Amino acid sequence: MNTTWLDLAAESGALGIGLIVASVVVVAVLLGAFVLGGRIRRREAAPPRPEEQPRLPDEGPVHEQLQNREPDEVPRSEHRLTPHEMPAHGNIPSRPSPERKRRRWNEGSSGSFGSGGPGGN
């Protein structure tokens, strides 16, 4: 008869008590966090009332402005430009295009799919 399991079970009494204490500590920390969160939330400003909500302008909603834009050229210099040295802080700057007609894909040329071949046509 193998009594190893009985010996381990007898010694695990302290381990069982340690697990119970640890679980009580975890529950206490969670309850404390819940109470602290409630106190912080009570100190925050209340949500805006309906009369404080934003309103539409008198002239109605803002409408789209349709215009074609073209990218600005990257300034040429002797050394390589880093993003913070470029115009618009590294974003691609653009300006209104004098052309009013939008550019379209040419029929039979490369579009978003394939290699530009005739395809299924």
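No experiment lies behind these values; they were computed from the predicted model shown.
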> What closest approach, in Å, do Arg55 and Glu51 show between heavy atoms, and which atom pair accounts for it?
Replying inline: NH2-CA, 3.8 Å
> Can you name the residues that form a side-chain contact (heavy atoms from CB on, under 4.5 Å) with Ile40, not counting sequence neighbours?
Replying inline: Leu36, Arg43, Glu44
> Sequence neighbours excluded, which residues qualify as side-chain contact (heavy atoms from CB on, under 4.5 Å) partners of Ser23?
Replying inline: none
>> Within a 6.0 Å radius of atom CZ on Arg39, are there more than 12 heavy atoms belonging to other residues, nucleotides or ligands?
In response: no
